[in-house]
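Shown next, in C-alpha cells, is the structure this report addresses.
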Amino acid sequence: MKSEPDVYSIQDLKRDKTAMWEGCRNYQVRNMLRDSMQINDLAFFYHSNAKPSGIVGIMKIVSHAYPDPTQFEKESEYYDEKSSRENPRWYVRDVEFVEEFSDTITLQDMREIPELNEMLVLRKGQRLSITPVSPEEWKSVIGLDHKK
DNA sequence: GCCAACGTTGGC
DNA sequence: GCCAACGTTGGC
C-alpha cells in the first residue's frame, strides 16, 4: 500500500498506532480495499515519490471496509460531488502499525532479486496505490529486510 | 521538472 | 461504444 511520505509516512503511522487509509480514488484500488482484503491481513507500507522509494515496513488491516468520510467533506481535497451517503463510491480500511524496517527496501533492491520479477508493484507503468503481494513475494521481501 | 503509462471524461 | 483529449501517478 503506497503513500507519499510527505503526505503520510510510516513514522506518522508509528506515532498514531492506527490510521484510516483515506483518499483512494481509483476503482481497482477501491475494489481491493472493499472486497479483497480481510481483517488481520498484513500489508507492506510503501513510500512513493520518496528518496528512495520502496518498502519501509509492515502494517495490519484492522477494520472492515467502510465509506471514506472525506468524499462527503466539501472542504476536503478528496471531496467527490458525485458520491452520496446512500450510494458511496469510495471506501477505506483502518490500518495498524506493526513494524518499521531498519532500512528501506528500495525498488533497486527488489529489482535485483529474480524472485520478485513478477511483483506487480515493480511493473513498468504500474500506478495503482494498492497491489496484491503473493506469499512467496512476501517472504522474499522479508528476506531482503533480514539481510540489511 | 520531465514524461511514459495509464485512467477518466465526454462529444459524437 | 469509440476514442481523442485531458488528468494523474510516480520513477527518474
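The sequence lines fix the lettering, A, B, ..., with proteins before strands; numbering per chain opens at 1.
Using the six-membered ring where Trp is involved, A:Tyr8 and A:Trp21 have ring planes that are perpendicular, over 60° apart on the 30 and 60° scheme.
Residue A:Glu4 is out of contact with every strand shown, counting any heavy-atom pair closer than 4.0 Å.
Between the C1' atom of B:dG1 and the NZ atom of A:Lys51 lies a distance of 12 Å, rounded to the nearest Å. If you take CZ of A:Arg89 and C1' of B:dG7, they are 13 Å apart, rounded to a whole angstrom. Atom CG in A:Asp80 sits roughly 17 Å away from atom P in C:dG7 (whole-Å rounding). Rounded to a whole Å, the CG atom of A:Asn26 is 10 Å from the C1' atom of B:dC6. In this structure, A:Tyr46 atom OH and C:dT9 atom P are separated by 14 Å, rounded to whole Å. Separating the CG atom of A:Leu122 from the C1' atom of C:dG10 is a distance of 14 Å, rounded to the nearest angstrom. Rounded to an integer number of Å, the gap from CZ of A:Arg25 to C1' of C:dG10 is 19 Å. One interatomic measurement links the two molecules: NZ of A:Lys2 to P of C:dG10, which rounds to 4 Å at whole-angstrom precision.
Phosphate contact (OP1/OP2 of B:dA5, side-chain N/O of A:Lys124, threshold under 4.0 Å): present. Residue A:Tyr27 places none of its side-chain N or O atoms closer than 4.0 Å to OP1 or OP2 of B:dC6. OP1 and OP2 of B:dC6 both lie 4.0 Å or more from every side-chain N or O belonging to A:Gln126. At least one side-chain nitrogen or oxygen of A:Arg111 sits closer than 4.0 Å to the OP1 or OP2 atom of C:dC12.
For A:Tyr27 and A:Trp90, the distance between ring centers is under 6.0 angstrom.
You'll find that the side chain of A:Arg127 is closest to B:dC6, out of C:dG10, B:dC6, C:dG11.
Taking the charged nitrogens against the carboxylate oxygens, A:Lys74 and A:Glu81 have no contact shorter than 4.0 Å, which rules out a salt bridge. Salt-bridge annotation for A:Asp80 and A:Arg89: present, with a side-chain N of the basic residue lying under 4.0 Å from a carboxylate O of the acidic one.
When the nearest nucleotides of DNA chain B are assigned to A:Leu128 and A:Asn49 by heavy-atom distance, the more 5′-ward of the two goes with A:Asn49. Along DNA chain B, the nucleotide closest to A:Gly125 and the one closest to A:Lys82 are compared, and the more 5′ of them pairs with A:Gly125.
Remark: of the listed residues A:Asn26, A:Asp68, A:Ile130, A:Ile130 is the sole one forming a side chain to side chain contact (heavy atoms under 4.5 Å, CB included) with A:Leu33.
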